[in-house]
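Worksheet: one structure, shown below.
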Amino acid sequence: MNDLKKHPTWARRAALLAATLVLVACVQIGANTDAEYSDSYSRDMFNTGYGFIQARYIDAISLRELTISGLASLRQIDSNLDVRPSGRNIEVLYQNRTVGRLTTPRNEDSEAWSQTTVDAISIARSASPALADARAETVFKAVFDGILSPLDKFSRYDDAETATEKRAFRDGFGGIGITIAKEDTDALILSVTEGGPAAMAGMRAQDRITHIEGEAIAAWTQRRLIESLRGPINSNVSVTIARVGVAAPIAIALTRQHVVPETVEVRRENGIAIIRLIGFNAVSAKDLRRTVRRQMQSLDGPPTGFVLDLRSNPGGRLDVSIDVVDTFLDAGNIIATRGRHPGSQQAFAASKGDETAQRPVVVLINGNSASASEVVAAALQDHGRAVVIGTNSFGKGTVQSVLRLPNNGEMTLTWSRILAPSGYRIHELGVLPTVCTHGGGDLKSVETLVPAVRDGQNVLAGEFGNWQATGNTDTADRAGLRRICPSDGGSPEVDVALASAIISDQGLYASLLRQAETAVARR
């Protein structure tokens with residue numbers, strides 16, 4: 001990790017931030033992962049879970065099928081167990097011998113199915129020593145995984161620890177506001193959150209933490225380091241840092257505050273603002289808008305254009321993606337969502353005011369740009385507000401609803417599908433870039449790629465009509481469309497160089513937007 005001491009790349013910093021976030025939840029309060037199993041606790045869990053599924057899942061479901069699937073997953077705890085349907089009954093077997101039989105409810109009564117689940121687990125526990133000894137979380141994990149497995153791949157159950165980690169990224173946590181990387185004898189501070197406790201105390205990027213609470217951290221793991229810096233809001237922690245050019249160690253006392261991980265980074269090259277957005281959490285849109293405004297008010301003058309790098313951005317909060325689009329869009333629909341629940345039938349439009357004053361925008365995507373990233377790329381592309389460069393995006397065009405469960409875990413359910421402004425369904429299709437840079441080949445340098453783009457090579461605007469006209473219900477048709485510019489998870493520098501070259505060439509930028517708009521109009 002010695003290369004981080006100078007100029008860490010955005011990709012490395014994003015990876016380190018992700019690794020840091022995984023450890024955040026270890027110090028959160030309220031996650032009980034070792035509770036004893038009880039029927040009443042189980043009933044609360046399944047009442048809550050079944051009711052949520054019945055009300056909010058995107059498609060109509062059978063609680064009978066889901067219940068049987070969940071109970072059958074008790075085999076994960078004891079392979080001698082089996083639960084199977086028998087007419088209108090459910091049989092519980094142990095070592096291929098029936099140990100109990102339950103009459104199942106005849107309707108989609110979530111509370112009745114919850115009670116059936118609790119009763120079946122009780123019978124199974126009386127026969128299985130392994131299940132009888134299992135803690136509550138072990139049982140919940142097995143059964144909920146089984147309940148949700150017949151649904152789509154984005155619906156899931158997270159135990160309390162995992163759920164707390166994810167909440168920390170979405171909504172923040174108690175900390176001091178730094179991104180760090182543990183090295184051999186100390187920890188390098190990669191960045192300091194503006195306005196956070198560390199920044200207010202004078203800590204800087206490139207400082208090195210040597211001690212926490214007076215104890216040397218040389219032998220510590222990254223996990224222990226994070227656990228020591230995170231903690232309850234308003235609690236105190238002391239650190240000792242080493243700083244280049246300062247001979248004596250610097251002792252700093254800090255009070256932890258609510259911190260939301262930073263997801264926005266910016267640099268300016270040749271008069272163009274290049275903004276990297278690595279996720280969509282509670283403050284991403286606010287931070288992005290502030291970054292754009294600062295660039296527009298820079299002493300060097302406003303930038304000639306903006307590159308929004310969404311490559312390998314896995315997404316996040318839908319409401320935040322809408323606000324990100326609104327930063328660059330002056331009017332028009334952003335997305336629509338459609339699902340079974342009445343609340344999932346929604347449409348979102350831009351408010352007046354483009355923070356960039358209509359300066360050129362290029363969006364970078366790749367095969368790992370998903371969800372909220374795809375919302376941003378599709379909306380700006382469909383409105384002729386941005387040229388999109390890269391490869392076909394991931395194709396995760398559904399919205400998930402998240403419920404906190406009684407054990408402090410979470411259930412995440414898919415409850416609507418996303419429609420781009422031009423009407424196509426993003427899910428499993430993705431966003432097609434205006435200019436494809438898949439594979440590179442002989443076009444690995446901007447010197448060869450820009451002339452090719454001017455000649456119409458690698459420009460996919462002619463395919464937009466097919467993309468937007470598809471009903472996105474035929475698997476073969478969808479696969480054929482996705483082969484036009486196959487998903488690629490790379491982040492080549494040529495993408496950024498090409499984006500800058502297009503922004504710098506007003507004629508080329510206008511031509512690419514015009515081709516895309518013409519293709520949409522022909523649809």
Side-chain angles (χ1 to χ4, degrees), residues 152-154 309-315 335 362-382 384 386-398 417-446 448-496 498-499 502 511-513 515-523:
D152 68 295
K153 62 183 178 181
F154 298 111
D309 190 349
L310 300 177
R311 292 175 299 178
S312 297
N313 182 323
I335 59 161
V362 173
V363 175
L364 306 183
I365 60 174
N366 65 10
N368 294 324
S369 302
S371 186
S373 297
E374 295 174 290
V375 167
V376 174
L380 295 179
Q381 183 184 64
D382 276 4
V387 173
V388 179
I389 291 175
T391 70
N392 198 153
S393 62
F394 183 82
K396 195 269 181 185
T398 56
R417 296 181 179 88
I418 297 171
L419 302 180
S422 58
Y424 71 93
R425 273 176 30 189
I426 293 173
H427 194 54
E428 297 186 335
L429 182 63
V431 178
L432 184 69
T434 314
V435 179
C436 180
T437 57
H438 170 77
D442 295 330
L443 303 175
K444 291 182 180 180
S445 72
V446 71
T448 55
L449 189 50
V450 170
V453 171
R454 285 201 186 99
D455 291 341
Q457 298 177 45
N458 296 70
V459 178
L460 305 180
E463 301 289 346
F464 285 177
N466 294 331
W467 202 268
Q468 291 152 349
T470 178
N472 195 6
T473 56
D474 183 274
T475 302
D477 176 57
R478 183 166 56 232
L481 290 171
R482 285 184 63 82
R483 283 195 292 270
I484 294 171
C485 182
S487 288
D488 185 331
S491 297
E493 281 301 311
V494 72
D495 288 0
V496 178
L498 176 60
I502 289 172
S511 172
L512 291 170
L513 286 185
Q515 291 178 61
E517 289 171 344
T518 301
V520 173
R522 286 201 304 265
R523 173 178 169 264

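In what follows, residues are counted from 1 in the order of the sequence shown.
The backbone N or O of L310 lies less than 3.5 Å from a partner atom in the side chain of S369, making a donor-acceptor pair. In this structure, the side chain of T434 engages the main chain of V388 through a donor-acceptor pair within 3.5 Å. Side-chain N or O atoms of R482 include none that pairs as donor or acceptor with a backbone N or O of D477 at under 3.5 Å. Side chain of N366 to backbone of G390: no donor-acceptor contact under 3.5 angstrom is found. A donor-acceptor pair under 3.5 Å is formed between the side chain of Q381 and the backbone N or O of L432. In this structure, the side chain of S422 does not engage the main chain of D382 through any donor-acceptor pair within 3.5 Å. Within the 3.5 Å criterion, the main-chain N or O of V431 finds no donor-acceptor partner in the side chain of W467.
Not counting sequence neighbours, R425 has no partner by the salt bridge (charged side-chain N to carboxylate O under 4.0 Å, His left out) test. For D152, the side-chain hydrogen bond (donor to acceptor under 3.5 Å, both in side chains) partners are Y57, S155, T414, not counting sequence neighbours. Under the side-chain hydrogen bond (donor to acceptor under 3.5 Å, both in side chains) criterion, R478 pairs with E428, N472, sequence neighbours left out.
Defined by atom type and a distance below 3.5 Å, a donor-acceptor pair is missing between the side-chain atoms of N458 and T437. Checking N313 against S373 by side-chain atom types alone, a donor-acceptor pair falls below 3.5 Å.
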* Go through the steps for V453 and L512 under the test side chain to side chain contact (heavy atoms under 4.5 Å, CB included), then give the verdict. => CA-CA 9 Å; V453 171; L512 291 170; 4.2 Å; yes
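The two residues C485 and L460 make their nearest non-hydrogen contact at CB-CD1, 3.7 Å.
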